[in-house]
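Throughout, a chain's letter reflects where its sequence line sits, starting with A, and its residues are numbered from 1.
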Amino acid sequence: MKEKELRRSLAVLPIGTVMKLTDLTARQIRYYEEQELVIPARNEGNRRMYSLNDIDKLLEVKDYLAEGLNMAGIKRIYAKKLAEKQAKQGKSLTDADVRKILHDEFIAVSGLSKQSQFSFRNNGL
DNA sequence: CTTCTGACA
DNA sequence: TGTCAGGA
């Protein structure tokens, strides 16, 4: 049950393939890396190499963006998710607890970013 | 030909 | 975010 996870973690896809698989531009993919959302491996020639897990993460980020979240919002989601994951090792929250916390956080952040994006549009920006 | 970094009419 | 430069 570890074999698949290992293979899914192997970085074997160049950015060009990732572009086709995620429908994101190279600019966006590199930008998300700057934002520390998806850090790909590098090959001998300094080329970015992505794994299947990276693809999933990128698609996930793409979905959040489509739902109206901004970089700050997405970072908060993952920060929260990581915090819960670590807390879950020391203490023991149920999966339901974690999901509720993540859901509440998502709603809060989602509302804020949408609000600010709308205000920008209303101000002609 | 493909990707990389840095920069901005 | 797009896009161009200049190099690998």
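Taking a pair as Watson-Crick or G-U wobble with both distances under 3.5 Å, the runs of three or more consecutive pairs in DNA chain B are B:4-8 with C:2-6.
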How would nucleotides 4-9 of chain B be written as a contact map, 5' to 3', with B for base contact, S for sugar-phosphate-only contact and - for no contact, using protein heavy atoms under 4.0 Å?
-> SB-B--
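Comparing B/dT3, C/dG2, C/dT1 by their nearest atom to the side chain of A/Thr25 picks out C/dG2.
In plain terms, the two heavy atoms of A/Tyr50 and A/Pro14 that are nearest each other are CD1-C, 4.5 Å.
Between A/Tyr31 and C/dT3, a side-chain N or O to OP1/OP2 separation shorter than 4.0 Å is absent.
Electrostatic pairing of A/Lys100 and A/Asp104 counts as a salt bridge here, judged by a charged N lying under 4.0 Å from a carboxylate O.
Using cut-offs of 30° and 60° for the angle between ring planes, the A/Tyr78 and A/Tyr64 rings count as perpendicular.
Rounded to an integer number of Å, the gap from NZ of A/Lys62 to P of C/dT1 is 12 Å.
For NZ of A/Lys80, the number of neighbouring non-hydrogen atoms (other residues, nucleotides, ligands) closer than 6.0 Å is 12 at most. Heavy atoms of other residues, nucleotides or ligands lying less than 6.0 angstrom from NZ of A/Lys81 number more than 12.
By the 4.5 Å heavy-atom criterion applied to side chains, A/Ile15 and A/Arg30 are counted as neighbours.
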Would you mind writing out the side-chain donor-acceptor pairs for residues 17-26 of chain A within the sub-3.5 Å range, not counting sequence neighbours?
{"unit_1": "A/Thr22", "atom_1": "OG1", "unit_2": "A/Val18", "atom_2": "O", "d": "2.8"}
{"unit_1": "A/Thr22", "atom_1": "OG1", "unit_2": "A/Leu24", "atom_2": "N", "d": "3.3"}
{"unit_1": "A/Thr25", "atom_1": "OG1", "unit_2": "A/Gln28", "atom_2": "N", "d": "3.1"}
{"unit_1": "A/Thr25", "atom_1": "OG1", "unit_2": "A/Gln28", "atom_2": "OE1", "d": "3.4"}

Give the intermediate values and the outcome of side-chain hydrogen bond (donor to acceptor under 3.5 Å, both in side chains) for residues A/Arg42 and A/Asn46.
-> CA-CA 5 Å; A/Arg42 296 287 184 138; A/Asn46 193 43; 3.3 Å; yes
